[in-house]
Peer 1: 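Okay, handing you the structure first.
Here is how names work: the chains are called A, B, and so on, in the same order as the sequence lines, proteins then strands, and each is numbered from 1.
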Amino acid sequence: MTPAAQQLRILLDGTEQVLPHDEFERKVTAAARGERPPLRAKFGVDPTSADLHLGHAVVLRKLRAFQRLGHTAVLIIGGFTAQVGDPSGRSATRPRLTRAEVDANAATYLAQVRKILLDDPLEVTNNADWLEPMGMADVLRLTARMTVAQMLERADFAARYEQRRPIAVSEFLYPLLQGEDSVAVRSDVELGGTDQTFNLLVGRDLQAAAGQDPQCVLTMPLLEGTDGSAKMSKTYGNAIGVDDAPAEMFGKVMSLPDPLMVKYFRLVTDLPPEQVDAIAAGLADGSLHPGQTKRRLAREIVALYASPEAATAAEARFDTQFVDRSVPDDVAVFDLGDTDPWFLPSLLRASRLCASGAEARRMIAQRAVRLDGKVLDDEELALPRAALRGRVLQVGRRRFARLG
RNA sequence: GGUGGGAUACCCGAGUGGCCAAAGGGGGCGGACUGUAAUUCCGCUGGCUCUGCCUACGAAGGUUCGAAUCCUUCUCCCACCA
């Protein structure tokens with residue numbers, strides 16, 4: 001096994017907090033020396049939406065680091081907890097999902113997780129397996145372990161209580177359920193984002209109460225989304241999905257605010273820490289061009305989740321579409337059918353370049369509609385089919401249809 | 001159990017009889033600019049067979065020439081006191 005010092009360097013890199021630090025070092029050292037079995041590193045995800053994004057990837061990649069060193073990744077799909085709703089970082093009660101929605105999400109989730117985690121050593125479990133059968137007596141035993149005052153110390157609850165916003169009692173249950181998961185899988189360390197700190201620590205208490213050696217807690221920084229401020233989340237619409245099409249992924253990375261570049265290099269690419277430091281320095285002293293550097297970031301990320309070839313292609317496509325402002329070559333074809341002539345707003349709607357005729361009219365008025373690059377700004381325009389066939393209709397810079 | 005507050009467009013939120021498809025902000029979209037799907041600036045932001053019509057202010061009914069605004073009933077939500 002890899003020596004303890006080297007393991008610690010790898011495992012601690014990029015982390016926000018490790019609690020308790022010395023305890024973690026002891027566990028890793030003992031495992032490295034073969035004095036105890038490899039660590040069981042737990043990570044739980046609630047399948048609240050079907051797609052994994054780069055924010056999840058930050059923690060999953062750390063989990064993979066554990067795997068690479070021979071430790072076991074214990075991935076918990078929150079089939080039950082997703083129905084409760086994690087209050088972490090929330091200013092409002094989360095909408096609860098039905099069992100069916102959760103199951104559907106969980107399936108696609110796992111497929112995406114495999115893009116990041118190694119197949120072995122890996123355990124995947126669903127917390128519905130042990131949480132669902134719990135009876136009222138179990139629930140009472142669990143809830144007795146924590147006081148209301150402790151719950152209200154959490155920043156998110158405190159803020160909501162202060163502002164007289166609703167807090168559902170079930171939300172109090174969430175951290176306890178997550179902690180119960182730790183007991184169920186006998187984890188040695190649990191990973192999560194910094195907003196998970198409270199929940200992660202609850203696991204320690206519950207494990208101790210159950211007579212287990214309590215887990216250590218390792219948190220990773222939260223990754224901001226494409227808007228540059230809010231934590232990446234699908235509900236905020238600022239997420240870069242692990243399964244996004246390469247061109248989409250490339251473009252989203254390019255739209256990141258410049259100051260976020262270094263953080264992304266550090267947390268979501270495979271570049272070694274020294275290289276990231278060099279990039280940070282280069283950007284700071286002006287020796288590295290921000291535009292070129294962001295391109296590199298986008299290439300690295302696309303290469304990681306799609307392939308290096310896809311990254312090259314995505315960059316080329318980006319250049320034709322946004323730098324040269326010309327038409328990409330993989331535009332979907334819209335069948336003109338029998339209609340002749342086509343009324344421009346109808347055509348825009350039928351080809352789904354615009355959501356409604358009214359939107360089409362607005363786009364036309366704003367000079368956003370082009371046919372083979374030539375602006376069409378007449379709302380009443382009727383176009384004979386012969387004049388349309390084979391040409392490319394475009395709305396704004398990102399929506400295209402080849403007319404056939 | 002009691003008291004009070006509330007439900008408005010994608011979200012937050014103003015509006016208390018006609019000037020309301022409804023202020024303002026956010027988000028989104030578009031245009032200019034740019035290394036960029038960054039920043040900044042400007043504009044747009046219910047739908048349709050579009051100088052008009054339809055739908056919309058929790059639901060249903062009512063008053064009125066006219067209702068997001070008034071009345072009745074209902075549904076749902078929240079806070080506070082106990």
Peer 1: Between rG5(B) and rU49(B), how many Å separate the two P atoms, rounded to a whole number?
Peer 2: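 46 Å, rounded to whole Å.
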Peer 1: So what does Pro257(A) hit on the nucleic acid, given a heavy-atom distance under 4.0 Å: a base, only sugar-phosphate, or nothing?
Peer 2: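 Sugar-phosphate, backbone atoms only, no base.
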Peer 1: Measuring only the P atom in each nucleotide, how far is rC44(B) from rC50(B)? A whole number of Å is fine.
Peer 2: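 It works out to 23 Å between them.
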Peer 1: Quick one about Arg362(A) and Gln366(A) (side-chain donor to acceptor, distance below 3.5 Å, no hydrogens or angles considered), yes or no?
Peer 2: no
Peer 1: Salt bridge or not between Glu171(A) and Arg154(A)? Use side-chain N to carboxylate O under 4.0 Å.
Peer 2: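 A salt bridge is absent here (no side-chain N lies under 4.0 Å from a carboxylate O).
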Peer 1: Give a yes or no on whether a salt bridge exists between Arg145(A) and Glu180(A), defined as a side-chain N under 4.0 angstrom from a carboxylate O.
Peer 2: no
Peer 1: Hey, can you pull the residues of residues 339-355 of chain A with a non-hydrogen atom under 4.0 angstrom from RNA chain B?
Peer 2: Arg349(A)
Peer 1: If you check the Arg397(A) side chain, which of rA38(B), rC48(B), rG31(B) turns out closest?
Peer 2: rG31(B)
Peer 1: For Arg352(A), look at atom CZ and say whether over 12 heavy atoms of other residues, nucleotides or ligands are found less than 6.0 Å away.
Peer 2: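 It does not: Arg352(A) CZ has 12 such atoms or fewer within range.
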Peer 1: Could you give the distance separating rU16(B) and rC80(B) at their P atoms, to the nearest angstrom?
Peer 2: 29 Å
Peer 1: By the 4.0 Å heavy-atom rule, please label Gly251(A) as base, sugar-phosphate, or nothing.
Peer 2: base
Peer 1: Taking atom C1' in both rA82(B) and rG6(B), what distance in whole Å separates the two?
Peer 2: 22 Å
Peer 1: Over all strands shown, is Met363(A) touching base, sugar-phosphate only, or nothing at heavy-atom distances under 4.0 angstrom?
Peer 2: sugar-phosphate
Peer 1: Quick one about His56(A) and Gln112(A) (side-chain donor to acceptor, distance below 3.5 Å, no hydrogens or angles considered), yes or no?
Peer 2: no
Peer 1: Which residue in the set Leu110(A), Thr125(A), Asn126(A) passes side-chain contact (heavy atoms from CB on, under 4.5 Å) when paired with Leu75(A)?
Peer 2: Leu110(A)
Peer 1: Kindly say if Ser356(A) contacts the phosphate of rG47(B), meaning a side-chain N or O under 4.0 Å from OP1 or OP2.
Peer 2: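 Yes.
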Peer 1: Quick one: Gln366(A) CD to rC41(B) P, roughly how many Å, whole number?
Peer 2: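 So the two atoms are 18 Å apart, to the nearest Å.
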Peer 1: Mapping Glu359(A) and Gly396(A) onto RNA chain B by nearest heavy atom, which one lands closer to the 5' end?
Peer 2: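 The residue closer to the strand's 5' end, by nearest nucleotide, is Gly396(A).
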Peer 1: Side chain of Arg362(A) only, please: which of rC44(B), rC29(B), rU36(B) is the nearest?
Peer 2: rC44(B)
Peer 1: What's the closest nucleotide to the side chain of Pro290(A) if the choices are rA37(B), rC48(B), rG35(B)?
Peer 2: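 Of the options given, the side chain of Pro290(A) lies nearest rG35(B).
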Peer 1: Could you tell me how far apart Phe400(A) (CZ) and rA37(B) (C1') are, to the nearest whole angstrom?
Peer 2: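 Distance check: Phe400(A) CZ to rA37(B) C1' gives 12 Å.
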Peer 1: State whether a side-chain donor-acceptor pair under 3.5 Å links Gln178(A) with Gln196(A).
Peer 2: yes
Peer 1: Rounding to a whole Å, what distance do you find between Phe250(A):CZ and rU36(B):C1'?
Peer 2: 9 Å
Peer 1: NA contact type, Ala360(A), heavy-atom cut-off 4.0 Å: base, sugar-phosphate, or nothing?
Peer 2: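 It contacts nothing in the nucleic acid.
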Peer 1: Go through rG35(B), rC33(B), rC48(B) for me and flag the one nearest to the Asp258(A) side chain.
Peer 2: rG35(B)
Peer 1: Is the phosphate of rG30(B), meaning OP1 or OP2, less than 4.0 Å from a side-chain N or O of Arg399(A)?
Peer 2: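 Indeed, a polar side-chain atom of Arg399(A) lies that close.
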Peer 1: Would you mind reading off the distance between Arg398(A) atom CZ and rC29(B) atom C1', rounded to a whole angstrom?
Peer 2: 10 Å
Peer 1: So, are Lys62(A) and Asp13(A) salt-bridged, with charged N and O less than 4.0 Å apart?
Peer 2: no
Peer 1: side-chain contact (heavy atoms from CB on, under 4.5 Å) with Phe66(A): which of Thr72(A), Leu117(A), Leu218(A)?
Peer 2: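 Answer to the side-chain contact (heavy atoms from CB on, under 4.5 Å) test with Phe66(A) among Thr72(A), Leu117(A), Leu218(A): Leu218(A).
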Peer 1: Which value, in whole Å, describes the distance between the C1' atoms of nucleotides rG27(B) and rG18(B)?
Peer 2: 33 Å
Peer 1: Counting only heavy atoms and a strict 4.0 angstrom limit, can you tell me which residues of residues 295-326 of chain A come near RNA chain B?
Peer 2: Phe318(A), Phe322(A), Arg325(A)
Peer 1: Please report the distance separating the P of rA60(B) from the corresponding atom of rU75(B), rounded so that it comes out in whole Å.
Peer 2: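 Those two atoms are separated by 15 Å.
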Peer 1: Taking everything shown except Arg141(A) itself, do over 12 heavy atoms lie less than 6.0 Å from its CZ?
Peer 2: yes
